[in-house]
Amino acid sequence: MIPTDPEESPESLRRRAHELRECARRARTMAETLGPFLDQAVAAATEKDAWQGWYARETTSRLQDHKRHLNGMADRLVLDAGAWIREAESLERQADAVKKAAK
C-alpha cells in the first residue's frame, strides 16, 4: 500500500485511484501486444523444412528464447496491473473513510 498523507482529501485519493486504474488499463493493453509479438515469427521459423543448418537452429533457438522472455514480461505486466487495481480499490476505500470521518 502507498503511504498516504493523513490530510489527503477524498478527491485526491480518488484521483490517485483513477490514475492507477488508467495505468493498469494501458499496461494490460501493452501486454496483449507484447506477449504474442513473436508468435508468427517463431511459427514460421519452426515449420518443417523452413530452413536447415547450424545457423538456422541457433537463430530459431534465440528467437524462441526471446518469445518466452516477452511472454514472461507480458505476464508480469498483467500481474502488476492487478496490483495497481487492488491499490486503487484501497485508495477508494480510504477516500470513503475520510469522507465519512469528515461528516
Side-chain angles (χ1 to χ4, degrees):
M1 179 185 273
I2 300 171
T4 60
D5 182 341
E7 302 297 319
E8 193 167 14
S9 70
E11 294 80 17
S12 174
L13 288 165
R14 290 196 188 283
R15 190 174 331 109
R16 287 174 51 204
H18 175 76
E19 289 171 6
L20 277 171
R21 286 183 187 281
E22 180 59 21
C23 287
R25 184 196 62 76
R26 289 193 332 245
R28 286 183 172 144
T29 299
M30 282 188 259
E32 287 173 5
T33 303
L34 182 65
F37 186 74
L38 292 175
D39 288 357
Q40 188 176 8
V42 169
T46 56
E47 280 184 23
K48 187 175 190 271
D49 299 327
W51 57 336
Q52 300 175 9
W54 68 268
Y55 182 75
R57 286 188 301 276
E58 186 176 314
T59 302
T60 300
S61 176
R62 283 190 202 151
L63 190 57
Q64 289 171 320
D65 288 345
H66 289 310
K67 179 184 179 299
R68 279 190 293 276
H69 183 71
L70 283 177
N71 283 331
M73 288 172 60
D75 290 345
R76 288 187 298 278
L77 192 54
V78 168
L79 289 174
D80 286 344
W84 300 338
I85 294 294
R86 288 188 298 280
E87 182 61 27
E89 291 166 351
S90 173
L91 289 171
E92 289 165 342
R93 285 191 300 275
Q94 289 177 39
D96 291 343
V98 169
K99 189 173 182 177
K100 186 177 179 180
K103 287 185 178 183

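Keep in mind that the numbers below use all heavy atoms, side chains included, and drop hydrogens, waters and symmetry copies. The structure presented is a predicted model; accordingly, all values stated were derived computationally and were not measured.
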| field | Side chains of R68 and N71 in contact at under 4.5 Å (non-hydrogen atoms) | value | no

| Between L38 and K67, what is the shortest heavy-atom contact and its length? | CD1-N, 3.7 Å

| field | Expected output: side-chain S61 to main-chain R57 donor-acceptor under 3.5 Å | value | no

| said: Would you say that more than 12 heavy atoms from the other residues, nucleotides or ligands in this model lie under 6.0 Å from the CD of E58, or not? | reply: yes

| task | Find out if a path of hydrophobic residues (ILVMFWY) with successive side-chain heavy-atom gaps under 4.5 Å connects F37 to M30. | result | no

| query | Minimum heavy-atom separation for A81 to A24, with atom names? | reply | O-CB, 3.6 Å

| query | Between E19 and R16, is there a side-chain N and carboxylate O pair less than 4.0 Å apart? | reply | no

| query | Going by an N to O cut-off under 4.0 Å, is there a salt bridge joining D65 and R62? | reply | no

| request: Answer yes if L34 and L63 sit in the same cluster of Ile, Leu, Val, Met, Phe, Trp and Tyr residues linked by side chain heavy atoms under 4.5 Å apart, and no otherwise. | output: yes

| query | Which residue, E87, R15, R86, E89, forms the side chain to side chain contact (heavy atoms under 4.5 Å, CB included) with L20? | reply | E87

| A50 to A44 - nearest heavy-atom pair and separation | CB-O, 3.4 Å

| query | Where is the tightest heavy-atom contact between A31 and V78, given as atom of each residue plus distance? | reply | CB-CG2, 3.6 Å

| query | Minimum heavy-atom separation for T60 to W51, with atom names? | reply | OG1-NE1, 3.2 Å

| Can you name the closest pair of heavy atoms from W84 and C23 and give their distance? | CZ3-O, 3.7 Å

| request: Drop me the distance from R21's CZ to R25's CZ, to the nearest 0.5 angstrom. | output: 13.0 Å

| task | May I ask whether L77 and L70 are part of the same hydrophobic cluster, defined by side-chain heavy atoms of I, L, V, M, F, W, Y residues being less than 4.5 angstrom apart, directly or through others? | result | no

| field | R14/E11 under salt bridge (charged side-chain N to carboxylate O under 4.0 Å, His left out): CA gap, chis, key distance, verdict | value | CA-CA 5 Å; R14 290 196 188 283; E11 294 80 17; over 6 Å; no

